[in-house]
Number of protein chains: 2
Amino acid sequence: MLSQSIEDYLKAIYEVESSEGKVSTSALSEKLGVSPASVTSMVKKLSERKLITHKRYQGVKLTPAGKKIALEIIRHHRLVELYLKEALGVPWDQVHQEAEKWEHVLSEDLEDRIDKFLGYPVTDPHGSPIPRRDGTMIVRQCNALVDVEPDTLVKVVEVSDHDPELLRYLGGIGLYPETEMTVVSKQPFKGPIIVELTGKEHPIGRNAAKYIMVEKARN
Amino acid sequence: MLSQSIEDYLKAIYEVESSEGKVSTSALSEKLGVSPASVTSMVKKLSERKLITHKRYQGVKLTPAGKKIALEIIRHHRLVELYLKEALGVPWDQVHQEAEKWEHVLSEDLEDRIDKFLGYPVTDPHGSPIPRRDGTMIVRQCNALVDVEPDTLVKVVEVSDHDPELLRYLGGIGLYPETEMTVVSKQPFKGPIIVELTGKEHPIGRNAAKYIMVEKARN
DNA sequence: AAATTATTTTAGCCTTGTCTAAATTTCTTT
DNA sequence: AAAGAAATTTAGACAAGGCTAAAATAATTT
Ligand SMILES: [Mn+2]
Ligand SMILES: [Mn+2]
Ligand SMILES: [Mn+2]
Ligand SMILES: [Mn+2]
């Protein structure tokens with residue numbers, strides 16, 4: 001059995017690797033809320049266990065074995081998020097923190113039961129793809145809302161789950177994965193992006209718009 | 001936040017206190033699967049935190065604060081057991097081991113949602129009472145099956161959840177909490193106890209019969 | 001009552017995962 | 001190219017929770 005810490009490190013490494021490409025000690029330190037020195041010592045252990053490769057001062061990379069475990073935990077996390085929302089009505093801004101704990105204690109049997117209950121879902125409540133049992137995961141092509149040109153009809157693909165407050169705001173204006181909306185304008189001086197959905201216009205800060213992934217809608 | 005270890009110790013102390021009266025180091029060592037020396041050192045810590053009282057060489061006792069926490073964890077455990085059975089169809093011999101992990105990561109919000117989903121249940125799948133939110137718990141009057149005289153009509157109140165194999169056997173013969181059955185005979189030389197339910201007779205070993213609690217049925 | 005046995009505690013060690021402070025390496029600027 | 005800044009690693013410490021072996025205390029026999 002792997003410790004909760006090791007599982008969290010592998011997950012964090014996977015996520016940083018996906019979004020930044022390179023996985024630095026400081027990025028992990030930041031993401032996991034531990035000191036850089038702690039990261040280095042865990043990195044040593046993970047290397048010894050052949051779950052990651054490490055070039056000193058150069059960052060780390062998951063081995064296939066490490067990636068498999070990372071995806072397993074992410075699968076747990078996302079299935080649990082969706083399950084909590086669907087089965088127990090937990091609001092989408094709260095499922096993440098619950099899943100953060102539950103992901104480490106979910107048995108394979110329970111994982112399968114939840115998967116079946118949900119009808120073998122493909123995405124979690126925030127639109128993130130759920131890794132398959134075999135350790136593969138589809139990756140979709142999409143852009144950050146902040147990069148979209150005005151006057152475009154887009155479909156929301158995925159929203160970051162890390163800021164409950166943002167999620168509550170987005171939920172309030174009806175902005176969920178699969179929602180279609182029009183990017184009306186980008187206000188100057190790093191002002192908000194205005195989107196239109198269900199007939200109303202809503203401002204979305206540039207910073208928030210980095211965490212909303214969309215694709216061009218086929219109109 | 002209390003560590004999982006501390007929660008498990010408090011729960012174990014509560015359970016030993018209930019069933020044995022006195023809580024010895026060796027009983028806890030046995031129950032928790034750790035060495036007596038480890039128990040002593042944890043006992044020291046729990047005393048310092050005023051969760052138990054300890055007289056050297058004389059055993060321990062929960063303080064009101066410790067008891068409150070123990071019952072809180074037991075509430076989590078039993079709600080989760082019932083939830084897993086009702087909502088996800090986990091067989092009753094497997095719910096215990098799942099709950100053993102989940103009890104430590106259940107938020108109060110989720111606890112309430114599960115409680116509501118289940119319709120504010122009073123007992124878990126094995127017939128054990130579920131402590132209330134306020135930290136109180138009803139205790140029922142009952143006897144071990146092994147102590148019942150032959151030719152008595154009894155109702156099953158509670159079955160120990162610690163041996164999956166026993167639970168599978170009991171499930172197989174339809175012996176669940178609330179089931180009524182007749183104690184037909186006690187075979188000599190510590191032989192099995194024969195019970196009749198749904199028209200058939202079934203043997204139950206003396207040892208197993210210690211873990212099946214019954215009450216006289218009002219016939 | 002003494003001797004033996006069983007239980008409990010102490011002493012000392014280990015592993016895991018964290019920290020701070022200091023040293024080292026790499027990156028950036030001049 | 002050298003200096004200064006930033007990132008990373010090392011060194012050493014600590015808390016939690018476990019272990020074994022030995023010492024202390026309590027319980028049971030003789
Ligand atoms: Mn999440
Ligand atoms: Mn986690
Ligand atoms: Mn437990
Ligand atoms: Mn609770």
Side-chain angles (χ1 to χ4, degrees), chain A residues 1-17 19-62 66 69-70 73 100-101 103-105, chain B residues 1-17 19-62 66 69-70 73 100-101 103-105:
Chain A
M1 250 290 90
L2 298 167
S3 70
Q4 164 159 348
S5 251
I6 288 180
E7 292 184 345
D8 280 337
Y9 270 91
L10 291 174
K11 186 162 68 114
I13 292 167
Y14 181 91
E15 285 166 358
V16 173
E17 205 170 304
S19 69
E20 323 268 292
K22 199 196 147 200
V23 185
S24 65
T25 298
S26 50
L28 290 174
S29 160
E30 166 90 6
K31 179 143 193 157
L32 291 162
V34 299
S35 72
S38 301
V39 171
T40 300
S41 92
M42 180 60 95
V43 157
K44 236 178 225 163
K45 178 189 298 185
L46 296 177
S47 294
E48 277 159 18
R49 294 218 201 175
K50 314 270 190 208
L51 297 172
I52 61 177
T53 55
H54 179 220
K55 276 189 290 190
R56 290 185 62 202
Y57 293 96
Q58 299 293 109
V60 303
K61 197 170 169 324
L62 290 170
I69 294 164
I73 304 302
E100 204 58 42
K101 298 179 292 179
E103 65 190 2
H104 304 290
V105 300
Chain B
M1 251 289 87
L2 298 167
S3 70
Q4 164 158 348
S5 251
I6 287 180
E7 292 184 346
D8 279 338
Y9 271 91
L10 292 174
K11 187 161 67 111
I13 292 167
Y14 181 91
E15 285 166 357
V16 173
E17 205 170 305
S19 70
E20 324 268 292
K22 201 197 143 200
V23 185
S24 66
T25 299
S26 50
L28 290 174
S29 160
E30 167 89 8
K31 178 143 193 155
L32 291 163
V34 300
S35 72
S38 300
V39 171
T40 300
S41 92
M42 179 60 95
V43 157
K44 236 179 225 164
K45 180 188 297 184
L46 296 176
S47 293
E48 277 161 18
R49 295 216 201 177
K50 313 269 190 210
L51 298 172
I52 62 178
T53 54
H54 180 222
K55 276 189 291 190
R56 290 186 61 201
Y57 292 96
Q58 298 294 110
V60 303
K61 197 172 168 326
L62 289 171
I69 293 165
I73 304 302
E100 204 57 40
K101 298 178 295 179
E103 64 189 2
H104 305 289
V105 301

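Naming convention: chains lettered A, B, ... in sequence-line order (proteins, then strands); numbering from 1 in each chain. Quick caveat, the model's predicted, so the values are computed rather than measured.
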Legend entry - B:T40 vs C:dT10: side-chain N/O to OP1/OP2 distance below 4.0 Å: no

Legend entry - Among D:dG17, D:dT8, C:dC19, the one nearest A:S24 by side-chain distance: D:dT8

Inset, instruction - For atom NZ of A:K61, decide whether the heavy atoms of other residues, nucleotides or ligands shown that lie under 6.0 angstrom number more than 12. - result: no

Inset, instruction - Mind checking the CD-CG spacing from A:E17 to A:L10? Nearest 0.5 Å is all I need. - result: 11.0 Å

Inset, instruction - Could you check how far OH of B:Y9 sits from C1' of D:dG17, rounded to whole Å? - result: 8 Å

Legend entry - Whole-Å gap separating P (D:dA15) and CZ (B:R49): 13 Å

Legend entry - Rounded distance in Å - NZ (B:K44) to P (D:dA15): 16 Å

Legend entry - Whole-Å gap separating C1' (D:dT9) and CE (A:M42): 16 Å

Legend entry - Distance in Å, B:L51 CG paired with B:I13 CD1, rounded so as to fall on 0.5 Å steps: 9.0 Å

Inset, instruction - Mind calculating the distance between NZ (B:K45) and P (D:dC14) to the nearest angstrom? - result: 17 Å

Inset, instruction - Would you kindly give the CE-to-P distance between A:M1 and D:dG18, to the nearest whole Å? - result: 18 Å

Inset, instruction - Output yes when at least one side-chain N/O atom of A:S26 is less than 4.0 Å from OP1 or OP2 of D:dA6, else no. - result: no

Legend entry - Distance-only side-chain donor-acceptor flag, A:S26 / A:S24, under 3.5 Å: yes

Legend entry - B:R56 vs D:dA24: side-chain N/O to OP1/OP2 distance below 4.0 Å: no

Legend entry - Distance test, side-chain N/O of A:H54 to OP1/OP2 of D:dT9, below 4.0 Å: yes

Inset, instruction - Tell whether A:Y57 reaches the base of D:dT9 with its side chain through a donor-acceptor pair below 3.5 angstrom. - result: no

Inset, instruction - Provide, to the nearest angstrom, the distance between the NZ atom belonging to B:K55 and the C1' atom belonging to D:dT25. - result: 16 Å

Legend entry - Spacing of CD belonging to B:Q58 relative to NZ belonging to B:K22, to within rounding of 0.5 Å: 6.5 Å

Legend entry - Along DNA chain D (nearest heavy atom to each residue), the more 5'-positioned of A:G59 and B:S5: A:G59

Legend entry - Atom-pair distance (CG on B:D8; C1' on D:dG17), nearest Å: 12 Å

Legend entry - Side-chain N,O (B:S41) to OP1/OP2 (C:dT10) below 4.0 Å: no

Inset, instruction - Verify the contact: side-chain N or O of A:S38 to OP1 or OP2 of C:dT18, cut-off strictly under 4.0 Å; return yes or no. - result: no

Inset, instruction - Taking only the side-chain nitrogens and oxygens of A:S35, find out if one of them lies under 4.0 Å from OP1 or OP2 of C:dC19. - result: yes

